[in-house]
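Excluded from the calculations below are hydrogen atoms, water molecules and symmetry mates; all remaining heavy atoms, backbone and side chain alike, are included. Naming convention: chains lettered A, B, ... in sequence-line order (proteins, then strands); numbering from 1 in each chain.
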There are 2 protein chains.
Amino acid sequence: MSSSVDQVRSFNRIVTLRVGALDDSYLGRGRPLGQARLLSEIARDGGDMRLLRERLGLDSGYFSRLVQSLRKQGLITLKQHAGDRRRRDIALTQQGQAEHAAYEQLSDELAVSMIEPLNPSQQERLLAAMAEVESLLTAAAVTIGCERIGGDAAKFCLTQYFRELAERFEGGFDAARAQAEKDNSMAPPTGCFLVVRLFGRPIGCGGLRSLASGTGEIKRMWVAPEARGLGVARRLLAALEDKAVDLGMHAVRLDTNRALAQAQSLYRKAGYHAIERFNDNPYADFWFEKRLGGDPGQLPGKSSPISR
Amino acid sequence: MSSSVDQVRSFNRIVTLRVGALDDSYLGRGRPLGQARLLSEIARDGGDMRLLRERLGLDSGYFSRLVQSLRKQGLITLKQHAGDRRRRDIALTQQGQAEHAAYEQLSDELAVSMIEPLNPSQQERLLAAMAEVESLLTAAAVTIGCERIGGDAAKFCLTQYFRELAERFEGGFDAARAQAEKDNSMAPPTGCFLVVRLFGRPIGCGGLRSLASGTGEIKRMWVAPEARGLGVARRLLAALEDKAVDLGMHAVRLDTNRALAQAQSLYRKAGYHAIERFNDNPYADFWFEKRLGGDPGQLPGKSSPISR
DNA sequence: AACATTACCTGACTAAAGTCAGCTAATGAG
DNA sequence: CTCATTAGCTGACTTTAGTCAGGTAATGTT
């Protein structure tokens with residue numbers, strides 16, 4: 001373990017040394033870092049002040065002044081938001097776009113300088129290793145927590161989930177037919193609704209509700225397309241099972257549609273086995289169950305190594 | 001190419017996001033970042049103020065105050081340097097060591113949090129990829145430049161080089177017998193002495209001097225043990241050959257001792273072939289030569305892809 | 001209609017980080 | 001011995017980054 005920590009720390013050291021150079025090169029344009037960062041954030045996906053302030057996590061007064069300084073430099077314009085005259089939309093001026101392009105250029109140059117001295121085969125190895133680190137660090141940054149099913153994040157996830165089902169199911173999907181009224185049962189004290197977040201953004205969800213006789217049902221399991229391939233679904237499923245154990249359930253069931261082949265293979269790998277139809281979900285083609293607490297050495301509520 | 005840059009930039013983004021969290025956790029100890037960083041640097045390898053100031057690249061006044069603030073907190077002591085009473089040696093007090101250990105703990109915790117959520121096989125992959133990125137980024141950070149052979153860096157490298165030869169040669173090595181008087185010829189305008197640096201520290205060297213009739217001789221090629229395996233020697237050799245081309249040479253020669261097997265294989269891979277003894281170096285067992293400018297499409301002075 | 005909340009702005013303040021000029025004491029070079 | 005240089009210290013100053021307490025206009029809630 002100690003050698004793992006050493007490896008990570010030595011990686012951190014070298015990477016901050018190299019990547020930290022970006023701040024210096026940004027400062028080279030004679031503008032404080034805060035302004036430069038704000039400019040980049042505006043260029044990335046504009047929007048109104050409130051959104052940006054939230055994303056950057058800045059104090060309202062401080063943020064206001066930062067924006068004003070960019071405006072005085074002629075890099076951005078502020079317009080009243082259509083519909084809500086309190087809000088102000090931010091947009092880059094032509095000069096602002098040019099300035100942003102200059103910062104992009106600096107970032108590109110740093111990136112080039114990091115790979116350029118290497119020969120082609122080394123470059124290839126470096127890029128592959130970077131992709132691997134990136135994907136695994138992203139996976140490790142994922143958090144899973146219980147949230148209100150009526151909350152913004154949960155609603156966002158469910159909307160995306162339903163939209164995807166409508167696309168993928170052969171006969172489409174109608175949320176109303178899917179017994180959506182039962183969703184409220186996915187809440188404490190007899191169930192829960194887990195939201196997966198990556199850097200604060202919701203990227204997945206899954207609900208657990210109580211059936212009769214100590215059995216749980218897992219529903220609404222979804223992972224955003226851009227977050228797939230990171231092992232998120234596996235961890236989410238394990239987290240739901242942990243919750244089920246916490247709630248004293250001795251088994252969990254779920255159903256799935258034939259269009260969702262990867263889901264089926266995930267369930268089988270996680271130890272689920274096919275059972276008879278246990279509900280009247282019109283969209284279900286397969287039904288699975290997994291007995292919980294089979295490992296007597298495992299304390300309830302303690303995460304399994306795979307889930308955390 | 002553009003996709004390489006994108007990959008590097010996306011890597012940079014994710015890594016700064018994760019590793020940048022270290023600053024926040026350092027601030028959690030109620031001490032400004034500057035002080036925390038200085039403390040870590042002192043703990044790493046102490047030394048006197050001048051050395052540290054240079055390494056951190058800080059203004060003398062600012063640095064002095066930083067040091068005083070740590071002293072007032074009882075974390076370090078200052079003593080007159082033995083021999084030069086202007087200098088002051090810095091040492092951690094017991095309290096300083098404890099405080100440093102606390103910061104180390106924070107770094108360790110960050111490292112653990114970066115790998116802990118992953119399952120064992122993912123952890124293994126992440127650590128391997130980190131090691132790969134680290135080694136290749138280090139390799140890419142290497143710089144090669146012409147320096148005075150009498151300079152500090154050159155002297156340091158040559159000392160290390162001679163020490164290593166003395167260890168590895170069967171009959172030892174005596175620098176005086178090695179025609180060291182010819183070293184001065186490894187300088188402009190008829191030769192050069194290249195120093196390889198990694199983050200400013202000299203980690204290798206190699207000299208080129210002019211023999212009769214447009215032929216160059218490569219001598220004193222050395223790479224520090226801790227920098228081996230990064231392809232430094234290959235790049236250094238290519239850089240020396242570039243220099244030779246710049247100086248109008250049409251071939252370079254070199255000799256080597258039988259104890260240096262890796263050197264021989266490097267030379268062969270780089271296109272050198274064995275020739276008859278061309279000098280009276282008592283330590284030489286093999287002699288090599290490579291014809292230059294064989295590639296007519298290559299402009300003189302332009303680096304080959306392998307060398308930069 | 002009354003009241004609370006939200007979005008943005010302003011003024012007053014602070015700490016961190018750093019720059020610059022000049023000072024003293026010790027050391028090194030000629 | 002003289003003079004320049006070096007190592008460290010001090011005072012005065014600036015910029016950046018931020019906090020906090022209010023203020024105003026628009027919007028939502030009851």
Side-chain angles (χ1 to χ4, degrees), chain A residues 20 22-42 46-73 75-91 103 152, chain B residues 16 20 22-42 46-73 75-91 103 150 152:
Chain A
L22 194 57
D23 285 359
D24 297 336
S25 90
Y26 268 33
L27 284 174
R29 292 200 67 77
R31 193 172 286 112
L33 271 182
Q35 289 181 25
R37 272 197 274 264
L38 174 55
L39 191 69
S40 298
E41 205 59 38
I42 292 170
D48 62 295
M49 288 186 65
R50 190 185 120 276
L51 214 84
L52 276 162
R53 200 185 61 222
E54 222 159 62
R55 201 152 57 216
L56 293 169
L58 300 178
D59 169 86
S60 129
Y62 178 44
F63 185 76
S64 176
R65 260 179 279 259
L66 268 185
V67 168
Q68 294 306 326
S69 71
L70 287 186
R71 197 182 53 72
K72 273 171 204 148
Q73 290 169 58
L75 302 179
I76 58 172
T77 51
L78 299 175
K79 287 182 295 198
Q80 296 246 327
H81 187 86
D84 187 340
R85 280 174 302 166
R86 287 171 307 179
R87 300 199 183 186
R88 312 191 72 178
D89 286 329
I90 309 183
Y103 282 114
D152 284 349
Chain B
T16 43
L22 194 56
D23 286 359
D24 297 335
S25 88
Y26 268 31
L27 283 175
R29 292 200 66 76
R31 194 172 286 111
L33 269 183
Q35 290 181 23
R37 272 198 274 265
L38 174 55
L39 191 69
S40 299
E41 204 59 36
I42 292 170
D48 61 294
M49 287 186 64
R50 190 184 123 276
L51 213 85
L52 276 162
R53 201 184 62 223
E54 223 159 61
R55 201 152 56 214
L56 292 168
L58 300 178
D59 170 85
S60 125
Y62 179 44
F63 184 76
S64 176
R65 259 178 279 257
L66 269 185
V67 168
Q68 293 307 326
S69 71
L70 287 186
R71 197 183 52 72
K72 274 172 204 150
Q73 291 169 58
L75 302 179
I76 57 171
T77 51
L78 299 174
K79 287 183 294 199
Q80 295 246 326
H81 186 87
D84 187 340
R85 280 174 303 167
R86 287 171 307 179
R87 298 201 185 186
R88 313 192 72 178
D89 285 330
I90 308 183
Y103 282 113
D152 284 349

Rounded to whole angstroms, how far apart are [atom1] on [X] and [atom2] on [N]?
X	N	atom1	atom2	value
B:Gln80	D:dG8	CD	P	11 Å
B:Leu33	D:dT16	CG	C1'	14 Å
A:Asp48	D:dT27	CG	P	13 Å
B:Arg53	D:dG8	CZ	P	6 Å
B:Gln68	D:dT10	CD	C1'	10 Å

Under 3.5 Å donor-acceptor pairs involving side-chain atoms of residues 55-64 of chain B, not counting sequence neighbours:
residue: B:Arg55; atom: NE; partner: B:Glu41; partner atom: OE2; Å: 3.0
residue: B:Arg55; atom: NH2; partner: B:Asp45; partner atom: OD1; Å: 2.7
residue: B:Asp59; atom: OD2; partner: B:Gly61; partner atom: N; Å: 2.8
residue: B:Asp59; atom: OD2; partner: B:Tyr62; partner atom: N; Å: 3.0

(message) Could you tell me the boundaries of the chain B footprint on DNA chain C, defined by atoms under 4.0 Å from its heavy atoms?
(response) C:dA16 to C:dT27

(message) For B:Gln68 and B:Arg65, which I'm curious about, is there any donor-acceptor pair between the side chains at under 3.5 Å?
(response) no

Heavy-atom closest contact ([X] atom, [Y] atom, distance):
X	Y	value
B:Arg87	B:Asp48	CD-OD2, 3.6 Å
A:Met49	A:Val67	CE-CG2, 3.9 Å
A:Leu70	A:Leu39	CD1-N, 4.1 Å
A:Leu66	A:Gln35	CD2-CG, 3.7 Å

Tabulate protein N/O versus nucleotide N/O from nucleotides 18-26 of chain D, keeping only pairs under 3.5 Å, one per line.
residue: D:dG18; atom: OP2; partner: A:Tyr62; partner atom: OH; Å: 3.2

(request) May I ask you to test the A:Leu78-A:Ile90 pair for a side-chain heavy-atom distance under 4.5 Å? (result) yes

(request) Kindly indicate whether the side chain of B:Leu75, heavy atoms from C-beta on, has any atom under 4.5 Å from the side chain of B:Ile42. (result) no

(request) Check every strand shown and say whether B:Leu66 touches a base, only sugar-phosphate, or nothing at a heavy-atom separation below 4.0 Å. (result) nothing

